[in-house]
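Following: one structure in structure tokens, then a few remarks.
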Amino acid sequence: MPELPEVETFKRYLDKTSLNQIIKSIKIIDNRVLNVDEFDLKKLVINNKFTSSNRHGKYLLVNLEQGILIMHFGMTGDLEYYNKRQEDPKYSKVIFQFSNDFKLAYTSRRMFGRLYIAKSIEEFIESKKLGPDAFKMSLEEFKEALNRRTAILKNAMLNQSFIAGIGNIYSDEILFRAKLHPKSRLDALDEKKVKDLFTNIKDVLQFGIDKEGDLSSYPQNFLIPHRKKEEKCPICKNEIVSIDLSGRRGYYCPNCQVE
DNA sequence: AGCGATGTTCGCCG
DNA sequence: TCGGCGAACATCGC
């Protein structure tokens with residue numbers, strides 16, 4: 001499920017369930033999700049603890065005494081904490097077993113998730129060239145990220161080097177609420193629109209976090225329940241249309257969101 | 001049965 | 001260098 005609100009939900013879940021317990025063992029079910037040497041991963045994790053975590057964009061960075069374990073979830077990743085007597089969840093790829101008889105499973109159905117390790121947050125962010133976190137950034141950081149960029153809005157929002165954390169679904173919602181056309185150019189935004197876009201980014205992500213990333217029960221006045229063919233705009237009742245940009249499909253209201 | 005999907009990366013081209 | 005585009009990755013649910 002993971003865009004920023006979902007990953008924030010995973011972070012809180014991990015913090016609540018899995019911190020400060022000795023990790024007895026780690027079971028690697030499919031090493032295709034590892035972007036790290038298996039031996040290095042085991043060395044970092046076994047007989048150590050998760051001490052705290054951070055989130056940057058769609059990445060969850062878990063601190064251990066000797067380094068950081070980074071989880072990325074691709075399109076279908078999840079975390080599940082459960083008693084060892086229970087069956088391992090479907091699509092489990094890596095399982096951490098704690099000394100208290102509980103386990104934490106990192107799952108990935110489509111195999112797009114990856115695990116990394118790094119020495120510091122800064123090093124990792126630099127290696128991935130990530131922009132500021134979309135939820136934590138200040139207006140000044142946002143303006144800085146905008147600086148001299150010319151890309152069209154939808155592509156920019158999906159570009160993690162611009163700002164980190166927004167994906168296809170939330171970018172549609174943000175542009176809908178800001179009444180901006182997905183193909184409008186960044187450099188065409190005046191001061192007021194920049195500020196308005198910033199506010200909408202924060203509001204949409206905050207709402208998503210409050211919803212714990214559950215997209216299934218959004219109010220009808222959001223675009224999210226209408227991201228499909230033959231839906232009507234909740235504001236003007238015009239037909240919602242789709243647009244393909246760089247391999248992603250976005251949805252918008254051609255009446256409310258003008259170029 | 002085929003199509004599309006909440007992501008990232010890379011190569012090509014302007 | 002930047003930015004748009006499309007393919008590739010892999011799998012399953014509708």
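Between Phe50(A) and Phe96(A), the ring planes lie perpendicular to each other; the angle is over 60°, past the 30° to 60° tilted range. Ring planes of His72(A) and Tyr59(A): tilted class, angle from 30 to 60°.
Side-chain N/O atoms of Lys58(A) include one lying less than 4.0 angstrom from OP1 or OP2 on dT8(B). The phosphate of dG13(C) has OP1 or OP2 within less than 4.0 Å of a side-chain N or O from Tyr91(A). In this structure, Ser246(A) does not reach the dG4(C) phosphate: none of its side-chain N or O atoms is under 4.0 Å from OP1 or OP2. For dG7(B), the OP1/OP2 oxygens have no side-chain nitrogen or oxygen of His72(A) closer than 4.0 Å. For the pair Arg148(A) and dG3(C), the criterion of a side-chain N or O lying under 4.0 Å from OP1 or OP2 is not met.
Backbone-only engagement by Arg149(A) is indicated by non-hydrogen atom pairs under 4.0 Å involving sugar-phosphate atoms exclusively. Within the 4.0 angstrom heavy-atom criterion, only backbone atoms of the sugar-phosphate kind lie near Arg227(A); the bases stay farther away. Gly167(A) comes within contact range of the sugar-phosphate backbone alone, with a heavy-atom separation under 4.0 Å but no base atom that close. Heavy atoms of Leu158(A) sit nowhere under 4.0 angstrom from any nucleic acid atom.
Among the nucleotides dT11(C), dT8(B), dG3(C), the one closest to the side chain of Ala151(A) is dG3(C). Side chain of Lys90(A), nearest nucleotide from dT11(C), dG7(B), dG13(C): dG13(C). The side chain of Arg248(A) sits closest to dG7(B) out of dG13(C), dC5(C), dG7(B). Minimum atom distance to the side chain of Met111(A) is reached by dT11(C), of the listed dC5(C), dT11(C), dG7(B). Across dA5(B), dC5(C), dG7(B), the shortest atom-to-atom separation from the side chain of Tyr251(A) is found for dA5(B). Side chain of Asn155(A), nearest nucleotide from dG7(B), dC5(C), dA10(C): dC5(C). The side chain of Arg110(A) has dT11(C) as its nearest neighbour among dT11(C), dT8(B), dC5(C).
Separating the NZ atom in Lys119(A) from the CZ atom in Phe124(A) is a distance of 14.0 Å, to the nearest 0.5 Å.
Pairing for dG2(B) is with dC14(C), a Watson-Crick or G-U wobble pair whose two hydrogen-bonding atom distances lie under 3.5 Å.
If you measure from atom CG of Leu186(A) to atom P of dG3(C), you get 8 Å, rounded to the nearest angstrom. Summarising the geometry, the separation between NZ on Lys183(A) and C1' on dG4(C) is reported as 10 Å, rounded to the nearest angstrom. Summarising the geometry, the separation between CG on Asp172(A) and P on dG7(B) is reported as 11 Å, rounded to the nearest angstrom. To the nearest angstrom, P of dG6(C) lies 10 Å from CG of Leu245(A). As a whole-Å value, the separation of Arg109(A) CZ from dG7(B) P is 14 Å. To the nearest angstrom, P of dC14(C) lies 13 Å from NZ of Lys228(A). Nucleotide dC9(C) holds its C1' atom 16 Å from the CG atom of Asn31(A), rounded to whole Å. Across the protein-nucleic acid pair, Arg249(A) atom CZ and dG6(C) atom C1' stand 14 Å apart, rounded to whole Å.
Separating the P atom of dA7(C) from that of dG4(B) is a span of 13 Å, rounded to the nearest Å.
Taking the six-membered ring for Trp, Tyr81(A) and Phe102(A) have ring centres closer than 6.0 Å. Note: Phe222(A) and Phe176(A) fail the aromatic proximity criterion, with ring centroids not under 6.0 Å apart.
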Which is it for Arg12(A) and Glu8(A) under the salt bridge (charged side-chain N to carboxylate O under 4.0 Å, His left out) test, yes or no, and what are the steps along the way?
CA-CA 6 Å; Arg12(A) 294 177 185 188; Glu8(A) 179 64 25; 2.9 Å; yes
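Side-chain atoms of Gln257(A) do not come within 3.5 Å of backbone N or O of Pro254(A) as any donor-acceptor pair.
Between Phe112(A) and dT8(B), no base-stacking contact is recorded for ring centres under 5.5 Å apart and planes less than 30° from parallel.
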